Each structure stands twice: as C-alpha cells, then as structure tokens.
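Everything quoted here is computed from the prediction, not taken from an experiment. Just so you know, ligand 1 is whichever comes first in the structure, and atom 1 is the first atom listed for that ligand.
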Amino acid sequence: MMNALKTTKLTYHNYTYREALAASEKINWRVEDIIGGDKLLDFDRPFMPEALARTEQLPFLTPSEKLALNQIRGNGYLCIFGVLEEVILPFVLDHTRAQLSSDEYRVRAFLEFAGEEAKHIHLFRRFREEFEQGFGSSCAVIGPAADIAPVVLAHHPLAVALTVLAGEWMTQQHYLESVRDNQHLDPQFKSLLKHHWMEEAQHAKLDTLMVEALALGRSETEIMKGVDDYLDIGGFLDGGLKQQVEFDLESFERATGRELKENQREEFRRQQLQANRWTYLGTGMTHEKVLETLEWLSPQARRKVESISAAFC
Ligand SMILES: [Fe+2]
Ligand SMILES: [Fe+2]
C-alpha cells in the first residue's frame, strides 16, 4: 500500500513487552491490602490536588464547602476512572486474543495489564462503598459503564487505543506532578492513587505498543480517520463531564445544605466544567508522550490535536 505506516518506521522509545511484563510482575498488591478494615478515609482532609479540583477558584465557597467539593471530586475521579477501565478491559482482551500464538511476552504482558485493570475496577468499587459510608450524603456519578463502553468501543480501534493511551499517561501525570509530594491530602486516598499509578506506569507503555501495532499498514487517510474518531470520543466524554458537573452541584448542595444563588451556580458550572475538562481530557491531550505518539503516527495527527487542546485546559 502506498504511504502506509511500515514496521521499519523508526520509533522514539524503547518499550518492550518483555520489560513491561517484568516490571508488572514485581508489583503485586491486593485490593484487601490497601482498602477496608482500619484503612479509613479521613474526611477532614482533601482527597484531590488543587491542580485538578480547582476549588480555590470559587471564592464564594467557605473552606469547609471547598473541602466538601474537593471530596465530591475525589469520589468522581475514582468512579470515572473505574468506568474508563471497564472500557479498557474488553478492548485489551480483544487486542490480546487477536494474536494469541505470537510473542509470548506480548500475550503475557497484555494479560497482566487486563488482570490489573480488573483489580483496579474492583478497588474503585470498594472505594465507592467506603466513600458512601463516610461522606454522609449521596453523590451521583456518570455511567454505568455498560452504557458508556459500547459507544466508545464502536469507534475506530486506533481511536479507542489513543483514548486509552491518553487516559493512562494522564493518571501518571496527575500522580507524579500533583499527588506524590502533596502533604495535605488524605493519606488513604493518596495510597489508592499511588498503588494505581504503580501499575499504570506499565500500561501507558503497553498502550504505546498497542497504538503502533494498530496503526501499522494503515494509510495516512485511515490514520487521520482514527484521530478524528479519537476527538469524537473526546466530545462524547465531554458531554459526560457536563452531566457530572450537574451531579456535583446537586451533591454539593445536598452535602453542605447551602443553596447557591443562580449566578453562583452558573459560575460553579462554568469553572468546574473546565476543571473536569483539564482533569479527564486536557492533561492527556497535552501530555508530551501522547503528542510523541501522535507525531509518530503523522505530524498532521499531532497538529490536529494540538489545535484544539487549549479548550480542555
Ligand atoms: Fe487502572
Ligand atoms: Fe491502566
């Protein structure tokens, strides 16, 4: 095929299935080790870093109201990632199953990846139970995954792989840049993010290999179709975030007993939508590793994503 991506195209990283497998085999925490029993959430402390929660940008909230909103956002964070992982799990299993008799390291690395995502889904569900017991009032979250996964998975496989890639680099950035050295956050919530991050570090590398495998042999036109579809998925998720902000506003008023004035509600919606966009879309679209992979696919792919990412920052 003319102008198709070839296996000989030089790559920009040194990720291998063998090393990803070896790294993941060294990490083996169990859900029971990091949640439940005496490992309680501390509702006197924030869960989310300010870089993602952005509650300080709502000056009409008192400190305790900002704390409540921060924890609502923390619950949303783990629940939304739980939903995204329910999209990732079948996609990775299908990708693995397509070539079961090829490279043994590939098959085993992807099966570890899938097993870890199943564990994270379990962890985040357990978290939600703990949160609901301790927070004191109900907080709705978008979903269920059964409604979201079919919509996402109906897109071009390259688009789904790019969505997964961006999602996993995103969690890396959140943890390393705003959670790891943050001494204000609840240690238990931080521990959940840390254990998740330990395994996501391998996933992001495997996603890079998955994107490359799915792109090989495809023409520039088809690659750009994958990129357009990736942006389409982003638009679909953005609609979900708008709904999430409405849920968060209701949860906030229920939890604090404060009824905001209409202009304050509008400000809450506008500002928190942008905070959610940055958390779930912008940090992925602007991540240097995601941009490198897009550039590898096609310089045009990188330019296209860069041309719209400012709206999600
Ligand atoms: Fe995960
Ligand atoms: Fe992951």
Side-chain angles (χ1 to χ4, degrees), residues 13 15 17 19-35 47-48 52 74-96 106-128 131 141-145 148-149 152-153 157 159-176 178-180 189-214 230 233 237 279-281 283-285 287 289-290 293:
H13 60 73
Y15 309 150
Y17 295 120
E19 280 172 31
L21 175 65
S24 101
E25 282 175 328
K26 284 190 204 134
I27 305 162
N28 47 22
W29 51 265
R30 302 177 317 148
V31 170
E32 297 72 20
D33 298 333
I34 61 166
I35 194 162
F47 293 173
M48 288 290 274
L52 303 178
N75 178 55
Y77 186 79
L78 292 192
C79 292
I80 289 173
F81 270 106
V83 167
L84 292 177
E85 307 215 336
E86 289 192 57
V87 176
I88 296 173
L89 181 55
F91 186 73
V92 168
L93 285 173
D94 286 349
H95 182 71
T96 313
R106 173 192 177 276
V107 174
R108 293 180 56 209
F110 276 125
L111 288 177
E112 284 275 344
F113 178 167
E116 287 160 5
E117 292 303 28
K119 182 169 67 171
H120 301 168
I121 293 165
H122 184 183
L123 174 70
F124 295 158
R125 285 187 187 149
R126 280 288 293 109
F127 163 80
R128 191 169 188 172
F131 182 89
V141 180
I142 51 172
I148 293 176
V152 174
L153 295 171
V160 181
L162 284 169
T163 306
V164 176
L165 175 84
E168 313 229 58
W169 280 121
M170 199 185 291
T171 59
Q172 301 285 293
Q173 176 167 329
H174 296 168
Y175 181 75
L176 293 174
S178 46
V179 174
R180 188 175 55 178
F189 193 85
K190 216 172 139 171
S191 157
L192 300 185
L193 295 179
K194 179 184 172 185
H195 287 85
H196 186 236
W197 162 77
M198 286 161 70
E199 295 182 334
E200 292 300 312
Q202 280 67 253
H203 298 184
K205 294 176 183 174
L206 290 169
D207 293 335
T208 308
L209 296 170
M210 183 163 67
V211 166
E212 291 179 1
L214 287 167
Y230 159 65
I233 295 173
L237 296 177
T279 304
Y280 301 104
L281 297 167
T283 41
M285 293 167 85
H287 197 290
K289 299 284 189 188
V290 175
T293 297

Review point. Do NZ/NE/NH1/NH2 and the carboxylate oxygens of Glu32 and Arg126 come within less than 4.0 Å?
Key: no
Review point. Does Lys190 use its side chain to pair, donor to acceptor, with the backbone of Arg180 at less than 3.5 Å?
Key: yes
Practice item. Using only heavy-atom distances, determine whether the side chains of Glu86 and His120 contain a donor-acceptor pair under 3.5 Å. Key: no
Review point. Are Glu112 and Ser24 linked by a side-chain donor-acceptor pair shorter than 3.5 Å?
Key: yes
Study note, to complete from the structure: Per residue His196, nearest N, O or S atom to the Fe ion (ligand 1) is named NE2
Point to revise | Lys205 bridged to Glu19 by N-O distance under 4.0 Å | key: no
Exercise for review: Could you pull out the atom name of the N/O/S atom in His120 that is nearest the Fe ion (ligand 1)?
Suggested key: ND1
Revision key, fill the gap. Among N, O or S atoms, Glu117 approaches the Fe ion (ligand 2) most closely through OE2
Exercise for review: Using a 4.5 Å cut-off on heavy atoms from C-beta on, say whether the side chain of Thr171 contacts that of His196.
Suggested key: yes
Point to revise | Heteroatom of Glu168 nearest to the Fe ion (ligand 2) (N, O or S, atom name) | key: OE1
**Study point:** Which atom of Glu200 approaches the Fe ion (ligand 1) most closely (N/O/S)
**Key:** OE2
**Study point:** His203, N/O/S atom nearest the Fe ion (ligand 2)
**Key:** ND1
Point to revise | Name of whichever N/O/S atom of Glu85 is nearest to the Fe ion (ligand 1) | key: OE2
